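Below: one structure, written as structure tokens.
Just so you know, these numbers use all the heavy atoms, side chains as well, and skip hydrogens, waters and symmetry mates. The chains referred to below are lettered A, B, ... by the order of the sequence lines, with proteins before strands, and numbering in each begins at 1. Since the structure is predicted, the reported quantities are computational estimates derived from the model, not experimental observations.
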Number of protein chains: 2
Amino acid sequence: MALSREQVVTTAVDILRRYGLADLTMRRLARELEVAPGALYWHVANKQELLVEVAGRLLAAIPEPDPDRPAEEALAAHAHALREAVRHVPDGADVVALAHAVDPGSLRPVEELVRLVGRAGVPAREREAVAEVVLHHVLGSVTTEHNQRIALDLDPDFRARDAAAVAKTFEVGLEVVLAGLRRV
Amino acid sequence: MALSREQVVTTAVDILRRYGLADLTMRRLARELEVAPGALYWHVANKQELLVEVAGRLLAAIPEPDPDRPAEEALAAHAHALREAVRHVPDGADVVALAHAVDPGSLRPVEELVRLVGRAGVPAREREAVAEVVLHHVLGSVTTEHNQRIALDLDPDFRARDAAAVAKTFEVGLEVVLAGLRRV
DNA sequence: ACCTGAACACCGTTCAAGT
DNA sequence: ACCTGAACACCGTTCAAGT
């Protein structure tokens, strides 16, 4: 049976989940699918387009924000959902950041984030700016957390601040931004 | 006269300034220095280490924060200085983000940022978390700005929001974070 | 001490030619 | 329509051997 775009993207997500971004190469992906590398370019324009699709998949399970909840609460929940979607996939945050950079507006949950910021009272002109702050915080804190994990594995002296404290970083930062929203 | 680590790093910065990160390869760097690629590995352990050094150079001109200024004012000025240092170098924000990820604590102005957050009244336990929010905002907004410039060049229809408005994104986000600091 | 030559094990992408 | 084979133009890194 013929290869499909669907199949290409699914296998790409699989490689990412299992081995991380460094192993997600077009050639490796072709090997996994038992086709020649050139075959992929029938289903996908290039690697960038593939990564945008992969990022979409990572965030696909995030639920639409509940319109009946208080705006700020829904915003916090959405930020947590974004974080969780990306936290357990190696280099997941980088892939989403890349996709957002390459093709902003292509990620449904990011668009929802912008609308939530609006519901929280931020005027239309400033919504995207504030949503970017939240998004950068989510993605940045996940990356920092992963790197700290690596540092911990590599260098056992690096036990100064333990893993639980590291994870709390996210909450603190999110609270600062939410407090800022109330004041501006 | 023999090659030196100094010379290697300086030329790397040069290539980055002129052609961006995609062109900053070990082989290209060797060509520019008129040596074999292997020669670089006498002066530098690997590409990661080189990029950490390059990031340090990009931020080297940032002045130490003025201890006599009000904390919040000094913090805002420092954030602006970080932004300016990185804004005019193609992929400068990515290089700094990478260096910070690979070797946190290696960038003097980032350490100063943490101390400024402390001076602004954030308790020691939460200083790093908040400093990361500011740093991610600075680097993230520069990346977004650059990508928007590219989109503008590529697709003239993308004139919806003009360049000046795009640059203001940074100010809005920074104000939200500063307001958050006052409230938490 | 410092560098070259040559290799190893890879990349992303294109494209004529096949089915 | 969909894929292969083969090429093009690259990567980062290592290391024996030279000076």
Legend entry - Sugar-phosphate or base contact per nucleotide [nucleotides 10-17 of chain C; S, B, -; heavy atom under 4.0 Å]: -BBBBB--

Legend entry - Same-atom distance (C1') from C:dC3 to D:dT14, integer angstrom: 14 Å

Inset, instruction - In whole angstrom, give the distance that lies between atom CG of B:L33 and atom P of C:dC2. - result: 15 Å

Legend entry - Side-chain (A:D91) to main-chain (A:D94) donor-acceptor, under 3.5 angstrom: no

Legend entry - Point-to-point distance, once rounded to the nearest 0.5 Å, from CG of A:L58 to CZ of A:R17: 6.0 Å

Legend entry - Donor-acceptor side-chain pairing of A:E171 and A:H80 below 3.5 angstrom: yes

Inset, instruction - Could you walk me through whether B:R5 and B:E53 pass salt bridge (charged side-chain N to carboxylate O under 4.0 Å, His left out), step by step? - result: CA-CA 10 Å; B:R5 184 178 169 104; B:E53 213 83 334; 3.1 Å; yes

Legend entry - Distance below 4.0 Å between A:W42 side-chain N/O and D:dC2 OP1 or OP2: yes

Legend entry - Exercise: identify the closest heavy-atom pair between A:G173 and B:V133: CA-CG2, 3.6 Å

Inset, instruction - For DNA chain D, produce a single dot-bracket line, 5' to 3'. Pairs: Watson-Crick or G-U wobble, both distances under 3.5 Å. Symbols: ( ) within strand, [ ] crossing, | other strand, . unpaired. - result: ||.|||||...|||||.||

Inset, instruction - Determine whether more than 12 heavy atoms belonging to other residues, nucleotides or ligands lie under 6.0 Å from atom CZ of A:R108. - result: yes

Legend entry - N/O donor-acceptor pair under 3.5 Å between B:S106 side chain and B:D103 backbone: yes

Legend entry - C1'-based separation of D:dA17 from C:dC2 [nearest Å]: 13 Å

Legend entry - Least distance between heavy atoms, A:T169 atom then A:H137 atom: O-CE1, 4.2 Å

Inset, instruction - Would you kindly give the CZ-to-P distance between A:R5 and D:dA1, to the nearest whole Å? - result: 17 Å

Inset, instruction - Respond yes when some side-chain nitrogen or oxygen of B:H43 is under 4.0 Å from OP1 or OP2 of C:dC3, and no when none is. - result: yes

Legend entry - Close side-chain approach of B:V138 to B:F170, heavy-atom, < 4.5 Å: yes

Legend entry - Atom-pair distance (CG on B:L40; C1' on C:dG5), nearest Å: 15 Å

Inset, instruction - Using the P atom as the reference point in each nucleotide, state the distance between D:dC10 and C:dA9 in Å, no decimals. - result: 23 Å

